[in-house]
**Student:** 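Below is one structure. I have some questions about it.
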2 protein chains.
Amino acid sequence: MSAPTVYDVAERSGVSIATVSRVYRNPDSVRAQTRERVLDAARELGYVPSGNARGLASRTTGVLGLCFPDYADPDAEADAEADSDADDAVMLYSDQIIRGMERAARRHGYALLIAASLEGGPESLVAKVAGRVDGFAVLAQTVPTEDLEVISRRLPVVMLAGPREIDHLDHIVVANADGERELARHLIEDHGLRRLAFIGGEVASPDAEARFRGFQEACRDAGLPVPDAPDMRAEMMTQAEGARTAEAMLDRYAGLSDTERPQAMLFANDQMAVGALRALERRGVRVPEDLAVTGFDGIPLSRIVRPPLTTVRQPIRQLGEQAVELLVQRLGDREREPVSLMLPVSLARRASCGCG
Amino acid sequence: MSAPTVYDVAERSGVSIATVSRVYRNPDSVRAQTRERVLDAARELGYVPSGNARGLASRTTGVLGLCFPDYADPDAEADAEADSDADDAVMLYSDQIIRGMERAARRHGYALLIAASLEGGPESLVAKVAGRVDGFAVLAQTVPTEDLEVISRRLPVVMLAGPREIDHLDHIVVANADGERELARHLIEDHGLRRLAFIGGEVASPDAEARFRGFQEACRDAGLPVPDAPDMRAEMMTQAEGARTAEAMLDRYAGLSDTERPQAMLFANDQMAVGALRALERRGVRVPEDLAVTGFDGIPLSRIVRPPLTTVRQPIRQLGEQAVELLVQRLGDREREPVSLMLPVSLARRASCGCG
DNA sequence: GTGAAAGCGCTAACAG
DNA sequence: CTGTTAGCGCTTTCAC
């Protein structure tokens with residue numbers, strides 16, 4: 001009793017397999033009466049068209065893919081309450097992209113195949129994805145460049161966030177530098193702050209680095225001293241690290257007078273800023289009266305914390321949607337020149353910088 | 001210039017197509033030197049194995065699927081800040097399941113194909129998914145039962161949440177009734193409350209209904225009057241609706257004395273409870289002093305609101321993980337008896353009921 | 001409108 | 001360890 005095929009359905013309904021095929025592919029090309037016979041037979045048999053066979057024969061899958069970073073050790077015990085916020089941050093990011101892609105894909109009639117990259121997975125599962133989709137998106141640093149090199153010669157690939165590693169690929173980033181520059185400018189010009197401290201992430205994070213560059217630009221533009229490195233770096237960009245770095249900053253500047261110590265801390269992301277907010281509260285530092293605090297990302301939590309966090313909203317979902325648009329476009333025209341999109345970000349002025 | 005195939009690689013590396021196939025399927029079964037030759041040729045050619053052809057020939061895809069409800073009109077303009085919380089609630093739910101499934105699937109070497117069901121989609125996209133996966137999970141009320149009936153005869157399907165519509169399918173639910181009963185019991189026994197109001201959702205929501213049943217049980221167990229319907233129903237189970245119903249309740253009981261009006265409002269989910277919290281604050285009702293408030297779900301927001309919300313944590317992610325486990329099991333043994341799992345929930349006692 | 005025949009690119013025995 | 005030979009289940013011309 002193996003699964004029924006077009007042959008079974010054809011036989012049972014007294015038509016040829018070509019007709020069965022037509023019924024599923026282009027129902028109107030078959031006389032209504034014939035069509036019903038076929039459909040009935042299919043129902044009785046429990047027939048489900050094989051996507052594989054279809055794909056093989058038609059050379060398209062109707063599926064788009066996404067490779068994203070391994071956001072958690074899959075072998076880790078699932079403990080809802082104890083999940084680290086590091087996890088959460090990355091996951092939220094991936095979730096949003098998945099949402100965006102799924103939504104856009106659906107609009108174009110595609111389904112979405114997702115796969116997180118294992119650490120040192122065998123034959124990288126990108127291969128698995130690549131072979132089953134019409135095109136796919138890759139989050140930066142998820143897939144070895146050399147693999148992409150090979151794969152992208154055979155099907156559309158769009159790189160998301162991070163540097164454009166392969167120049168013939170479509171590529172989308174968010175305006176990290178612009179956003180941070182605008183944020184710093186706001187603090188400097190609108191709030192009259194002069195002494196700003198930037199708390200960065202690991203050097204390997206292209207996003208965090210780009211944000212720091214934006215910070216530098218704002219300093220330069222305002223005629224303030226331009227630091228050549230973040231005042232401090234956090235390895236993880238988590239709430240815990242945010243709290244830790246905030247306290248470390250406090251200690252570092254403890255001996256300084258009010259006119260010397262920083263008036264604002266700009267964190268490379270919201271998670272850290274939120275952690276800092278809590279640490280500062282514990283230490284009796286009032287935000288924004290004593291110190292302004294800002295983040296980056298615009299995660300939901302940023303609106304909920306007290307004081308609400310001034311931050312830069314990243315259009316993460318749109319990143320996913322745009323990715324699909326580019327893939328669909330390229331599927332329609334393989335010759336189109338590769339594009340590199342930079343999605344605009346927007347400043348969310350809230351209480352933590354003294355606004356509102 | 002069509003995509004290179006095993007034949008191209010075989011020719012270029014001077015081996016047979018069988019060997020090329022082996023290199024990708026079971027590298028150790030090929031002499032290292034031969035393997036390298038093949039791999040080199042593949043690299044030069046830009047060869048990517050066709051998942052479709054593999055699937056066709058091997059009768060497995062290495063992909064599991066998930067059909068979930070259309071959580072938002074795909075044609076709606078994406079406006080991050082303006083997304084309704086209705087959206088968010090459903091999305092968070094789906095996201096968690098996706099996460100859980102992806103994680104578990106990866107652990108078993110599967111990728112995950114996801115597709116939200118269109119409203120009146122053509123030939124329901126379940127067909128699309130069904131044809132491309134080895135098995136899949138379906139969120140309740142996502143796929144017409146009759147379709148499932150047919151499809152589930154040919155590949156493993158597991159139903160998630162909601163009633164078990166087809167009895168030969170594996171099925172997983174969370175202990176909605178148990179959770180709400182325990183929650184109500186806590187209010188009654190531990191806090192000594194006697195007058196509880198339950199705010200339900202739409203009648204069509206199996207979850208909300210199950211929670212109400214749990215509420216009824218607790219009332220009965222405690223010898224309190226047992227209502228035969230929720231005190232009030234919200235159509236959407238959103239924050240806005242929660243706020244609205246909370247105010248309506250306030251108005252309804254405005255004329256009663258302190259010893260007559262409800263001492264607690266039990267909402268069918270967290271979203272509503274959170275909305276209620278805000279509405280109550282606006283109306284000057286103190287929680288929990290004047291009125292206890294509880295939710296259900298254990299969404300992240302429930303921990304963050306003030307006062308933190310007493311709720312019942314649903315192991316949504318585990319729902320996804322378990323779904324994969326069942327699918328994998330069944331893939332290994334088609335004859336296994338269908339199982340129906342009920343995942344335990346846990347009470348999160350927080351300030352909104354008077355705890356902590 | 002419908003049928004016949006030829007693959008799509010790979011895996012799966014079986015030989016050797 | 002490697003090659004040969006059949007299909008896997010469908011879409012696609014091209015006839016009728």
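Numbers restart at 1 for each chain; the letters A, B, ... are given by sequence-line order, proteins then strands.
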**Student:** State whether the side chain of A:D134 and the backbone N or O of A:L64 hold a donor-acceptor pair below 3.5 Å, judged by distance alone.
**Tutor:**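 Not at all, since once roles are kept as given, no pair shorter than 3.5 Å links the two residues.
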**Student:** Taking atom P of C:dC10 as reference, at what distance in whole Å does atom NZ of A:K128 sit?
**Tutor:**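 After rounding, the reported distance stands at 17 Å.
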**Student:** Which nucleotide in the set C:dC10, C:dG1, C:dG3 lies at the smallest distance from any side-chain heavy atom of A:R31?
**Tutor:**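 Out of C:dC10, C:dG1, C:dG3, the nucleotide with an atom closest to A:R31's side chain is C:dG1.
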**Student:** Can you give me the first and the last nucleotide of DNA chain D (5' to 3') that has an atom within less than 4.0 angstrom of a non-hydrogen atom in chain B?
**Tutor:**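 Nucleotide range with atoms under 4.0 Å of chain B: D:dC1 to D:dG9.
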**Student:** Considering only heavy atoms from C-beta outward, does the side chain of A:R99 approach that of B:I98 to under 4.5 Å?
**Tutor:**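 Heavy-atom side-chain distance check fails, nothing below 4.5 Å.
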**Student:** Roughly how many Å is it from CZ in A:R154 to P in C:dC8, rounded to a whole number?
**Tutor:**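 Distance check: A:R154 CZ to C:dC8 P gives 16 Å.
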**Student:** Starting at CZ of B:R59 and ending at C1' of C:dT11, how long is that distance when rounded to a whole Å?
**Tutor:**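 After rounding, the reported distance stands at 11 Å.
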**Student:** Does B:R330 use its side chain to pair, donor to acceptor, with the backbone of B:R336 at less than 3.5 Å?
**Tutor:**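 Yes, B:R330 side chain to B:R336 backbone: donor-acceptor pair under 3.5 Å.
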**Student:** Heavy atoms, side chains only, cut-off 4.5 Å: are B:S50 and A:R59 in contact?
**Tutor:**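 No, side chains not in contact.
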**Student:** Under the side-chain hydrogen bond (donor to acceptor under 3.5 Å, both in side chains) criterion, do B:H108 and B:E325 qualify, and how do the steps go?
**Tutor:** CA-CA 9 Å; B:H108 287 287; B:E325 297 303 332; 3.1 Å; yes
**Student:** Want to settle it: does B:T34 or A:G55 sit nearer the 5' end of DNA chain D, counting the closest nucleotide to each?
**Tutor:**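 Of the two residues, B:T34 wins.
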**Student:** Any idea which of C:dA12, C:dG9, C:dA4 is nearest the A:S16 side chain?
**Tutor:**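 Of the options given, the side chain of A:S16 lies nearest C:dA4.
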**Student:** To the nearest Å, give me how far apart CD1 (B:I17) and C1' (C:dG9) are.
**Tutor:**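 So the CD1-C1' distance, B:I17 to C:dG9, works out to 8 Å.
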**Student:** Any sub-3.5 Å donor-acceptor pair from A:E102's side-chain atoms to B:A116's backbone N or O?
**Tutor:**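 Indeed, once roles are kept as given, a pair shorter than 3.5 Å links the two residues.
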**Student:** Rounded to whole Å, how long is the line connecting atom CG of B:N26 with atom P of C:dC10?
**Tutor:**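 Whole-Å distance recorded here is 17 Å.
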**Student:** Below 4.0 angstrom, N of the basic side chain to O of the carboxylate: do A:R43 and A:D40 qualify?
**Tutor:**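 Result for this pair is yes, salt bridge flagged.
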**Student:** Measure OH/B:Y24 against P/C:dT11 and give the value in whole Å, please.
**Tutor:**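 For the pair B:Y24 OH and C:dT11 P, the rounded distance is 11 Å.
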**Student:** Mind checking which stems touch DNA chain D? I mean at least 3 consecutive Watson-Crick or G-U pairs, both distances under 3.5 Å.
**Tutor:**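 The stems are C:1-16 with D:1-16.
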**Student:** A:D28 CG to C:dT2 P: how many Å, rounded?
**Tutor:**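 In whole Å, C:dT2 P lies 12 Å from A:D28 CG.
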**Student:** Nearest to the side chain of B:S58, which nucleotide is it out of C:dT2, C:dA12, C:dG3?
**Tutor:**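 So the side chain of B:S58 is nearest to C:dA12.
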**Student:** Test for a donor-acceptor pair under 3.5 Å between the base of C:dC8 and the side chain of B:Y7, counting only N and O atoms.
**Tutor:**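 Absent.
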**Student:** To the nearest Å, how far apart are A:N52 CG and C:dG9 C1'?
**Tutor:**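 Roughly 11 Å, once rounded to whole Å.
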**Student:** Looking only at heavy atoms, which two atoms of B:G162 and B:D207 are closest? And how far apart?
**Tutor:**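 What the structure gives for the nearest pair is N-OD1, 4.3 Å.
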**Student:** Counting only side-chain N and O atoms of A:T19, is one of them less than 4.0 Å from OP1 or OP2 of C:dT2?
**Tutor:**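 No, outside the criterion.
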